[in-house]
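Below you'll find the structure, written out as structure tokens, and then a few comments.
The residues of the chain are indexed from 1 along the displayed sequence.
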Amino acid sequence: MDISNQKRRKDVRNIAIIAHVDHGKTTLVDALLKYTGAYEFKDGEATIMDSNPLEKERGITILSKNASLQYKGVQFNIVDTPGHADFGSEVERILKMVDGVLLLVDAFEGPMPQTKFVLKKSLELHLKPILVINKLDRIHTRPDEVADMTFDLFCELNATDEQLDFPIVYASGKDGYAMLDLDEPRESMKPLLETILHRVLPPIANPDLPFQMLVTMLDYDSYVGRIAIGRVFHGSVRVGEPVALVKRDGTISRGKATKIMKYRGLIRVEVNEAIAGDIILISGIEDVEVGETLACVNEPKGLPTIKIDEPTISMNFSHNTSPLSGKDGGRFLTSRHMRERLKHEAMINVGIKVDDIAGTDRLKVSGRGELHLAILIETMRREGYEMEVSIPQVILKKIEGQTLEPVEEVIIEVGDEYQGAIMQALGTRKAQMRCLKQTSSGTSRMEFIIASRALIGFRSEFLMMTRGNGIMYQNFLEYQTYKGDLPSRQSGVLISHGDGDAVAYALFNLQARGEIFIKPGDSVYEGMIIGVNNKGSDLVVNALRGKKLTNMRASGSDEAITLIPQRQMTIEFALEFIEEDELVEITPKHVRLRKMHLTEIGRKRVSRSAQSVE
């Protein structure tokens, strides 16, 4: 179809905000909403687009969200996208809905791995970016140097001459100002809005063509069912009209537009009609999936489907089978509950893939990274689900008889005193150093290429090595030849020999062996992992043994018991720590580690059978 002769709808601009994690996308949206009066902020309210409790706690965007604002009679439809590589599937879909992107780059940090990822996706779709150098309120900013670094990144990604002619806006979303030149007064967000108005192309919109809408997101409502979210590319649709659904394989089914909604500010408002160029929500088509097309029933033609990068990591999920199942406030305890929830997640989150494991009631759940799956687990936990999950495994590919595995690029920024330790730790994990340079702030910036499986468990080790002072970013790069065996966990674990409540006296005697994961009074059971054994082998211990009480007292034998504070168990640490024969038990109140086989006899039997097979 020749689009050169088609009309453009000048009262709309569709734009996405893309950036590396924590470069200020959501805060910038706050500033735009505040300046245009699209949302009334209460005292102390911030990052209003991060509505998910997990987003507020972690300070990152996890789910893409829509908002709209009015400026000079033009409606700006804005989509805030996640900045973490593990949620890249959200970015890929959203870019299909828009005609331009705001590329945010931190005025101090400059382009980071995820900046490269999101920019590459937008350039592939021939979108024209506007570079926003954000966080000018920070100290040690270097906006001119960052602009040059970003231009070099454009060239590295083979941007066209037209894409290289991008405007630059300097801004501080936190302080609510933008400017086209660093010498201009810092007053308001008007310069950025003007740049969007004049540099982002209005959407092509011909209401006379047959209706076509590409579904890029899904939502669910218990009253109206599945809700398709996307952009109307051609034609128009009214409430009550029949609609054709063109599936990925070309098959066609029919539904009815029972409700149509648009965004006004941050809220959804019902409308009777939507036309080409609008970003809308439409309900009434029950079996719709992401990447499919809603079309006119008389001429049901599909739009090009969305290509989503495949998952790189997987884990096995099962309902909780530990002796403490159902005692931690969980409401959904059966495999049926878990299966329904995971299938629902896979329906609305295209980055997640769920498969049955033959002969078991377990499910294999694949995602884009550890954080991606950890966020899913944390969400389910807060909803009242109890589950067990296995160690994360990378997804290998076989092409022409050769085994390939996912490889990531890692950027680490640390003080010079930690440089040697980092290089040694990553060297044992078979990382390849690509670059080492000094930054203007006096730190060392190192770039590595490393297998994804080699990074499992490294983040917590990295934080300990650098005493929390290091910065580490990672991003999926490509599939490369399998790197061979890698070193595994060097320490063993302390395993509870029985069921009951942990006793302080017993834990005091055990803490000399290694780090302890529980505190006095915590419930334990046979086969539960209660700590680390530094000697490297697993050891069954008694955490229930109390001190013998006698009438005899001896000098020096009754000092107060002093326990080292136990580690606060998190889902991320647990997933990084466990080995092949271990599981993470997750309930609404606790994260526990356990052996796959709880009894010592069961573990020995499995070990013997494995040795006989070898």
Side-chain angles (χ1 to χ4, degrees), residues 320-330 381 386 388-389 457 460-461 463-464 467-468 489-579 581-607:
N320 189 8
T321 60
S322 91
L324 297 179
S325 174
K327 297 180 180 179
D328 272 353
R381 170 193 183 187
E386 291 194 14
E388 295 169 350
V389 297
S460 56
E461 184 183 330
L463 290 173
M464 291 187 67
R467 294 178 172 82
R489 188 179 72 202
Q490 299 300 306
S491 59
V493 292
L494 302 176
I495 307 167
S496 172
H497 93 300
D499 304 355
D501 293 337
V503 176
Y505 178 75
L507 297 182
F508 175 73
N509 291 316
L510 290 174
Q511 66 185 5
R513 296 184 176 273
E515 186 178 14
I516 300 297
F517 296 156
I518 60 173
K519 64 181 185 297
D522 282 354
S523 297
V524 299
Y525 52 83
E526 183 181 7
M528 177 175 160
I529 297 171
I530 63 170
V532 175
N533 183 21
N534 290 333
K535 290 195 174 179
S537 59
D538 293 348
L539 184 66
V540 178
V541 297
N542 186 355
L544 312 175
R545 183 166 62 93
K547 184 176 181 181
K548 287 186 179 180
L549 300 178
T550 70
N551 289 327
M552 300 299 292
R553 292 290 179 268
S555 176
S557 64
D558 288 320
E559 290 94 349
I561 290 175
T562 305
L563 293 176
I564 300 169
Q566 85 281 8
R567 173 183 287 275
Q568 293 298 314
M569 188 62 65
T570 64
I571 292 172
E572 284 90 341
F573 170 78
L575 295 179
E576 292 175 351
F577 181 81
I578 60 172
E579 291 287 344
D581 64 335
E582 297 163 358
L583 297 171
V584 183
E585 174 193 350
I586 295 123
T587 72
K589 294 181 181 176
H590 291 98
V591 176
R592 302 184 182 97
L593 305 181
R594 53 162 285 184
K595 285 293 183 179
M596 196 172 290
H597 299 278
L598 294 179
T599 64
E600 189 172 7
I601 293 173
R603 292 193 293 275
K604 287 180 178 178
R605 186 185 299 122
V606 171
S607 177

Rounded distance (nearest 0.5 Å) linking atom [atom1] of [X] with atom [atom2] of [Y]:
X      : Y      : atom1 : atom2 : answer
Glu515 : Gln566 : CD    : CD    : 9.5 Å
Leu583 : Asn320 : CG    : CG    : 10.0 Å
Ile518 : Asp501 : CD1   : CG    : 9.5 Å
Leu593 : Met528 : CG    : CE    : 8.0 Å

Do [X] side-chain atoms and [Y] backbone N/O form a donor-acceptor pair below 3.5 Å?
X      : Y      : result
Arg513 : Asn533 : no
Glu388 : Thr321 : yes
Glu585 : Ser322 : no
Arg594 : Met596 : yes

pair [X]-[Y]: side-chain heavy atoms closer than 4.5 Å:
X      : Y      : value
Thr599 : Glu526 : yes
Val584 : Phe577 : no
Lys327 : Thr587 : no

Between [X] and [Y], which heavy-atom pair has the shortest distance, and what is it?
X      : Y      : answer
Gln511 : Phe508 : CG-O, 3.3 Å
Gly498 : Leu544 : C-CD1, 4.0 Å
His590 : Arg381 : N-NH2, 3.8 Å
Lys595 : Leu598 : O-CD2, 3.6 Å
Gly330 : Pro588 : CA-CG, 3.7 Å
Ala506 : Asn542 : CB-O, 3.6 Å

- Message: Quick test of your reading of the model: are Asp328 and Arg592 salt-bridged, counting only N-O distances below 4.0 Å?
- Response: yes
- Task: Kindly determine whether Val493 and Glu579 satisfy side-chain contact (heavy atoms from CB on, under 4.5 Å), including the steps that lead there.
- Result: CA-CA 10 Å; Val493 292; Glu579 291 287 344; over 6 Å; no
- Message: Working note: Asp538 + Arg603, criterion salt bridge (charged side-chain N to carboxylate O under 4.0 Å, His left out); need CA distance, chi angles, decisive distance, verdict.
- Response: CA-CA 11 Å; Asp538 293 348; Arg603 292 193 293 275; over 6 Å; no
- Query: Do Leu510 and Ile530 pass the side-chain contact (heavy atoms from CB on, under 4.5 Å) test, and can you show the C-alpha distance, the side-chain angles, and the key distance before you say yes or no?
  - Reply: CA-CA 10 Å; Leu510 290 174; Ile530 63 170; 4.0 Å; yes
